[in-house]
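Everything numeric here is computed off the predicted structure, so don't read it as measured data. Reminder, nothing fancy here: chain letters follow the sequence lines and each chain counts from 1.
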Protein chains: 2
Amino acid sequence: MDANEAARQRGRPERISREVILATALEIIDRDGIDGLSIRRLGQALGRDPMALYRYAPNKAALLDGVAEVVLDQLNVDIPNGDWTDQLRTIAHSFRNLAHAHPHVVPLLVTRPLATPLALRPLGTLRPLEGILALLTRAGFSPPDALHIYRSFLGFLNGHILNELQELVDNPDESDALLRLGLHRLPIREFPLLRSLAPVLAGYDGATELDRGLDILIAGLQTRLPHPTSQASGHSHRGRPAVCVSDGGGFMGWGSAPRSTW
Amino acid sequence: MDANEAARQRGRPERISREVILATALEIIDRDGIDGLSIRRLGQALGRDPMALYRYAPNKAALLDGVAEVVLDQLNVDIPNGDWTDQLRTIAHSFRNLAHAHPHVVPLLVTRPLATPLALRPLGTLRPLEGILALLTRAGFSPPDALHIYRSFLGFLNGHILNELQELVDNPDESDALLRLGLHRLPIREFPLLRSLAPVLAGYDGATELDRGLDILIAGLQTRLPHPTSQASGHSHRGRPAVCVSDGGGFMGWGSAPRSTW
DNA sequence: AGTGTAGGTCTACAGTGAAGACCTACACTA
DNA sequence: TAGTGTAGGTCTTCACTGTAGACCTACACT
């Protein structure tokens with residue numbers, strides 16, 4: 001980009017790029033939430049006239065799509081080792097981490113693609129899909145099966161993330177479970193179970209919860225599908241029981257939650 | 001409400017109610033999408049000064065929450081017959097139908113609760129939760145287990161709905177699969193699998209796809225949990241194999257999709 | 001008869017996304 | 001080297017948004 005360099009050295013006010021725009025847009029959203037992002041504020045943050053941004057995105061909507069894409073691009077789907085179940089687990093947790101790194105973007109991530117039909121979506125959005133399909137077919141599944149698995153998997157994943165974010169209370173310092181969740185506001189007759197579950201709800205840990213969901217999902221997959229011969233991925237340990245629980249402390253050393261009955 | 005009646009008979013311009021407001025708001029959203037709803041337009045649709053609405057909702061956000069609540073209230077969670085798996089399936093499909101009846105509300109449904117912590121949410125939003133917990137404990141699960149199942153179940157459900165809505169192409173009359181999905185825009189080297197799956201993608205049917213996901217999920221649940229003794233629900237047919245596929249035509253007689261390998 | 005108040009209206013304000021005209025500095029061609 | 005097309009940037013402007021605040025008004029109740 002010597003053109004860019006040259007432009008900067010002379011009078012021009014330092015060229016701007018789509019990437020920079022999207023990056024600062026992401027910053028603003030991370031800081032102030034989605035409603036905190038307006039074209040004018042973005043322009044201000046960039047030291048540019050707001051209208052300048054329209055050279056890089058036709059819409060504000062397109063801009064938001066861009067932000068979603070940027071975030072989704074950070075999801076690495078090529079996991080080198082482990083069998084397909086491990087790989088799915090790893091992907092799931094990276095996705096979770098991503099969501100936690102940019103919680104305000106999650107609604108975007110989950111909702112925005114609604115607007116455009118699959119094949120018209122930006123390539124970045126489709127890459128994870130292709131990647132997971134590759135992963136699964138490499139493991140021995142047929143492409144159509146891989147597609148179905150992908151759908152169930154990512155559906156569950158999206159759902160879990162949304163659920164988990166809903167569980168995040170805004171006042172996490174509040175100690176007493178009942179008070180903290182404000183469950184005492186609920187009438188006891190109508191919500192006996194929910195109220196009785198206050199301690200469990202209070203001790204919610206997203207990572208282990210995700211692992212449990214994955215246990216269920218993967219167990220389901222293994223009962224319903226002929227075990228694929230995973231020759232591509234180095235050491236395939238198929239002897240592993242389908243019911244293996246995520247070992248102890250969860251994925252990346254998060255504190256372990258109060259263990260429930262199963 | 002004789003006060004209301006009286007007021008109407010005399011000079012007052014026919015009392016308005018929260019329900020009517022939310023109902024017409026829902027109408028507008030169904031017709032014009034979420035961005036189509038503004039306070040002013042809502043006021044106009046109701047024949048009222050826009051500012052009048054603020055007597056019934058403190059915010060526009062609260063109003064949207066109200067709409068989400070109204071829709072969610074239509075979800076019936078008390079299914080009289082069948083064992084717990086059947087009941088879950090039925091609930092899943094009613095939810096799906098609901099989502100299809102109000103596709104524009106789905107982002108709201110899935111996203112809005114993020115704002116408020118669980119226990120501060122309006123009761124209507126929590127009722128399905130309590131209902132499903134009841135269902136599962138009635139079937140013999142412990143309340144904490146029921147909670148976990150609920151989370152996986154609803155997570156998956158939300159995810160599926162989002163996925164499915166994403167799959168809805170705006171140009172459904174287009175016949176040729178590849179063209180219809182515009183997959184030919186994708187570079188072949190990068191997206192071989194995705195492109196090869198064009199026909200499968202074209203033949204997408206949400207209902208059977210949902211059933212397949214449910215198959216997986218329920219199979220997973222059944223392998224991971226001690227079979228509960230469902231004494232409460234009339235005839236418990238536990239002999240049913242875990243791998244039962246939804247029989248043929250899907251839930252409510254939607255056309256069956258091209259059957260894949262499993 | 002008098003008053004408090006729920007419900008309704010009007011005006012106004014700060015802020016929004018964006019269309020359209022314009023300007024300007026560079027790249028490139030003749 | 002002069003000339004020009006154009007990508008990039010700026011300014012003005014418009015229609016529209018959510019909602020604060022003052023006000024008004026008709027009813028319910030004391």
Taking only the side-chain nitrogens and oxygens of A:N59, find out if one of them lies under 4.0 Å from OP1 or OP2 of C:dG17.
-> no
Look at the side-chain N and O atoms of A:Y56 and state whether any lies under 4.0 Å from the OP1 or OP2 oxygen of D:dG9.
-> yes
Taking [atom1] from [X] and [atom2] from [N], how many angstroms apart are they, rounded to a whole number?
X: B:D35; N: D:dA15; atom1: CG; atom2: P; value: 21 Å
X: B:Y54; N: D:dT19; atom1: OH; atom2: C1'; value: 5 Å
X: B:D49; N: C:dA6; atom1: CG; atom2: P; value: 19 Å
X: A:I16; N: D:dT10; atom1: CD1; atom2: C1'; value: 13 Å
X: B:R41; N: D:dC16; atom1: CZ; atom2: C1'; value: 11 Å
X: B:L53; N: D:dA20; atom1: CG; atom2: P; value: 14 Å
X: B:K60; N: D:dT17; atom1: NZ; atom2: C1'; value: 8 Å
X: A:L46; N: D:dG9; atom1: CG; atom2: P; value: 11 Å

Do the side chain of A:R40 and the base of C:dG15 come within less than 3.5 angstrom through a donor-acceptor pair of N or O atoms?
-> no
Does CD belonging to B:Q74 count more than 12 external heavy atoms closer than 6.0 Å?
-> yes
Flag yes if more than 12 heavy atoms outside A:E190 fall under 6.0 Å of its CD atom; otherwise flag no.
-> yes
Does A:E69 have any salt bridge (Lys or Arg N to Asp or Glu O under 4.0 Å) partners at least two apart in sequence or in another chain, and if so, which?
-> A:R18
Output all residues satisfying salt bridge (Lys or Arg N to Asp or Glu O under 4.0 Å) with B:D49, sequence neighbours left out; order by chain, then residue number.
-> none
Once you round to the nearest 0.5 Å, how far does CG of A:L147 lie from CG of A:L129?
-> 7.0 Å
Per the side chain to side chain contact (heavy atoms under 4.5 Å, CB included) rule, which among B:T111, B:V110, B:I34 passes with A:T111?
-> B:T111
Represent DNA chain D in dot-bracket notation, 5' to 3'. Only Watson-Crick or G-U wobble pairs with both distances under 3.5 Å count; pseudoknot-style crossings use [ ] and interstrand partners use |.
-> ||||||||||||||||||||||||||||||
Which nucleotide in [options] has an atom nearest any side-chain atom of [X]:
X: B:R55; options: C:dG8, C:dT16, D:dT17; result: C:dG8
X: B:I39; options: C:dA18, D:dG18, C:dG8; result: D:dG18
X: B:A52; options: D:dG9, C:dT9, D:dT19; result: C:dT9

Take A:H102 and A:I29 through the side chain to side chain contact (heavy atoms under 4.5 Å, CB included) test and state the conclusion after the steps.
-> CA-CA 8 Å; A:H102 310 281; A:I29 292 183; over 6 Å; no
